[in-house]
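Heads up: the structure comes next, in structure tokens.
Heavy atoms only: backbone and side chains are in, while hydrogens, waters and symmetry mates are out. Chain A is the first sequence line, chain B the second, and so forth, proteins listed ahead of strands; every chain is numbered from 1.
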Amino acid sequence: MQKYELIGLPRSYNYKEAEKKIAKYWEENDIYGFDEDDNTRSVFSVDTPPPYVSSAHLHTGHAMSYSQAEFIIRYKRMKGFNIFYPMGFDDNGLPTERYVEKKYKINKGKISREEFIDYCLKETKIGAQTYKNLWKSLGISVDWSLSFSTIDEKCRKTSQKSFIELYKKKLIERRNEPIIWCPACRTSLAQADIATQESPGILYDIEFSSLSGEKLIISTTRPELIGACVAVYANPADARYLRLKDERIKIPLYGRDVPVKYDESVDMSYGTGLMMVCTWGDAEDVRKWKEHNLDTVIIIDEGGRLNEKSGQYKGVNIREAKKLIVEDLKQNNLVKNENRLVHTIGIHDRCDAPVEFIQTSQWFINILDHKDEFTFAGNGLTWFPSFMKTRYEEWVSNLKWDWNISRQRFYGVPFPVWYCSKCAEPVLAEEDELPVDPLVSPPRRAAQCPKCANKSFIPEKDVMDTWMTSSMTPFINASWVEKDSSLMTKIFPMSLRPQAQEIIRTWLFYTVVKSIYHTGNLPFNNVMISGWGLDKNGKKMSKSFGNFVAPEDVIEKYSADSLRYWAAKANLGQDLRFNEEDVANGRRLLIKIWNAVRFLVSNIDDDFDPYLEDIGKIGFGMVERWLLTGFENILRSAGKYLESYEYSSALRITVDFFYNIYCDNYLEIVKNIFWDEGGSSIEGKSERKRRSLNAMYFVSLNILKVFAPFLPFITEELFLSFYSRFETGKSIHLSKWPELRKDLIHEDSIKTMQILLDILESSRKLRTNLNLHQNHKIKRLFIRSLDAELIDALNILSADIISACRADELIISDLADFPTANPAIFISLEK
RNA sequence: GGGCGGAUAGCUCAGCAGGUUAGAGCAUCGGCUUUACAAGCCGGGGGUCACAGGUUCGAGCCCUGUUCCGCCUACCA
């Protein structure tokens, strides 16, 4: 073990130096290592979010949410849990591809798959290192030996095994059907990848006509799709259109004709009450197409251009096509009206391009048939804060599509699948050949197709949705792919899943799906959802928006502890504005802590021993009893708050206690007994000093322990450089959370001490009024009270009142006239 | 359209099984420097708790409605 030098404390706390030194100390001494062989302690396992390393720079919002989870984890560690706290890097999939494409201005169509993957791997490496450095400097206490990267061998193997298992359980199937498609990224997507965007549009009233010559107006925002129109719909209750029952409607510009159909979903009051249904303008078109067996006229290709079925518009992209078609309709005098409107359109959440529907073969995980199960699962989790559960429930109940896990991209985990070149029967890899890339190796086991005995195969080119891997994080952590992994019983289900709110519908939901399908159990017990970091104007911080504050800069200027202090200000689940003043307040707290401990350190003698006598057996006077009572009460509350993930309240009450009770009052009341003054009237001064030092040692050490989860660096620095003279253990973070000492609680001391505090407050006011500084020695302090009980109390407190008010003498007299907060007591003083 | 969160001092936020006179930090004003800390200490001023009703002996907190802000969700093409 590395030695830590015991030194006297310098005048000021050099956090830059100290934080670097301590981060190194933690690493070299493996302070945060998980002990797999320890069977004495319970395990607390954390399903840490793997951030996209391709974003390169994290902002203070990330620092905030990781810190918030970490407060709880550090607390649990001190409560004696064996902590399993890994760090993953999410470096596979579309986010990384998008990042690489942008950074190197790559066109997916013009680069080989291998080259592209090389770029991704390179960026991934750089990103991971950047992240790791930042987490270390922020004091995130993960066990780095438990790191994983979602593109590494174990993760690929895990995803592929998951695929094979679910396929065997008939929960995965390949279907050729209309699917959400991003024309910009040229890939299919899942429902969870879609965001909505309000955008202005135009509702065109277009004149159609029936074969019998009747003119009909149909309103649509997507005239470019008229070539894909396969039916015209009306509401079955709409008397106006019942007569069209056996009619066919001619499509303008195309001349094709389509049937008239009826469906209750058609809003009679919208437009003319007639609606065109296309292949496929939106999810509702897809539903009608499926339910009513409509024709299929696909006119959009994978790149978002119109194809040959669109006739003269072939090769034109959708936006252009809209203009051209509207123009042509207008020339034929078929546009009867235009109404501006704002409508919500679905966009791809990674690139903001409007999504379309096209039909291709994709792999789907069945989820729609199990919605009830997943809703039920949400109830099995303990949500912090509880209202976040609603987000999950809403999402599950609104699911309309099975989970499409195929992506027509390059960089991701390959499917362990080949297809028979003759009959297209899929052939899956065996588990012991994973991970496998079908583009590189042929199917080893299946020398021939099980269905038609053909011997040639076509590899699956698609890669898996990135969430296919991320949803396996509890399994990756538990080494599920390794035979007889003892971790599956040790850390699974995981104790805590901390994460951001916007990925409830993806990471959280998909993980629940996978866990239930693979094990029948929930993947974790507790869910902790953090809010967002906002900029100082209240807008969500984001890299792409450019309104982010770099955590490295904040740490450099104010220290990691100060940044964490800011992060602790928001209640869990609530957004937090970045406010430099608050960070500066954190630094102010550090300096105060430093100096408060320095006061203790500079006043102990060589023979000081805090454990000579048990703290409970020392015959403390009223002031120390009050201090200890206050501390124990704070300890009890802070513990309660932390148990329910209310870290911000825990820190707040501790800070309040530290400032108001410990520093501003306790230390001020007793400090002059440490002054080397001749002729002091305090009797038994050395004994009084000893008791005070014992109380200070006890309270300051235990306050540091309560601060430790929040301010890991300064608490460690003080622990190692001073307290470790008397304490065992190589880190404050491995020390035990203070036990509640009920024997130190004397509730009556609070009431009695209030008398002294009222007098002290008024004495301070008097001094201010008289322009006297607070340590100015006064000759006499006069106190007037007619209450016999109060006078008894004053006599008990007299020595402390004299000390607190820096008086030479206390006289109970009727001279006093300055009111105190206690209406029965007046004071005055004589310079 | 439905839902969730928020609205408290100039600013950022606490507060709650409903209980005297609503708190903190910052900012502001005044005072104080040998004796842990001037990146400090002491003190002062500052609030119709978004609005309107209601329940209650008593409401920032509970109920009803309204208005703003943020978010989630939704097939009005």
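Neither OP1 nor OP2 of B:rA24 sits under 4.0 Å from any side-chain N or O of A:Arg652. Distances shorter than 4.0 Å separate none of the side-chain N or O atoms of A:Asn595 from OP1 or OP2 on B:rG40. Applying the 4.0 Å criterion to OP1 and OP2 of B:rA36, one finds that A:Trp675 has a side-chain N or O inside that range. Taking 4.0 angstrom as the limit, A:Gln574 places a side-chain polar atom (N or O) nearer than this to OP1 or OP2 of B:rA14. Phosphate contact (OP1/OP2 of B:rA74, side-chain N/O of A:Gln191, threshold under 4.0 Å): present. For the OP1/OP2 pair of B:rC71 and a distance below 4.0 Å, the side-chain nitrogens and oxygens of A:Lys540 include no atom meeting the criterion. Side-chain nitrogen and oxygen atoms of A:Arg588 include at least one within less than 4.0 Å of the OP1 or OP2 phosphate oxygen of B:rG40. Within the 4.0 Å cut-off from OP1 or OP2 of B:rC41, at least one side-chain nitrogen or oxygen of A:Lys592 is found. Within the structure, a side-chain polar atom (N or O) of A:Lys765 is placed less than 4.0 Å from OP1 or OP2 of B:rG44.
At least one side-chain heavy atom of A:Val527 sits less than 4.5 Å from a side-chain heavy atom of A:Ile529.
Considering A:Arg764, A:Arg806, A:Gln774 in turn, A:Arg806 is the only one that fulfils the side-chain hydrogen bond (donor to acceptor under 3.5 Å, both in side chains) rule with A:Glu668.
Look at CG on A:Asp656: it is 13 Å from C1' on B:rC13, rounded to the nearest Å.
For the C1' atom pair drawn from B:rA24 and B:rC62, the interatomic distance equals 26 Å after rounding to whole Å. B:rG1 sits 37 Å from B:rC11 when the C1' atoms are compared, rounded to a whole Å.
Picking from B:rA77, B:rU12, B:rC4 the nucleotide with the shortest atom distance to the side chain of A:Lys569 gives B:rU12. Taking the side chain of A:Arg391 as heavy atoms from C-beta on, and the options B:rA77, B:rC13, B:rC71, the nearest nucleotide is B:rC71. The nucleotide whose nearest atom lies closest to any side-chain atom of A:Asp267 is, among B:rC76, B:rG70, B:rG5, B:rC76. Nearest to the side-chain atoms of A:Lys400 among the listed nucleotides B:rA77, B:rC75, B:rC37 stands B:rC75.
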Practice prompt. Would you sketch RNA chain B in dot-bracket for me? Only Watson-Crick or G-U wobble pairs with both distances under 3.5 Å count, crossing pairs as [ ], other-strand pairs as |, the rest as dots.
Written response: (((((((..((((.....[...)))).(((((.......))))).....(((((..]....))))))))))))....
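The residue A:Trp594 sits apart from the nucleic acid: no heavy atom pair falls under 4.0 Å.
With no hydrogens or angles considered, a side-chain donor-acceptor pair links A:Glu580 and A:Tyr558 at under 3.5 Å. In the model, A:Tyr641 has no side-chain atom that pairs as donor or acceptor with a side-chain atom of A:Ser648 under 3.5 Å.
A salt bridge links A:Glu502 to A:Lys540: one of the charged nitrogens lies within less than 4.0 Å of a carboxylate oxygen.
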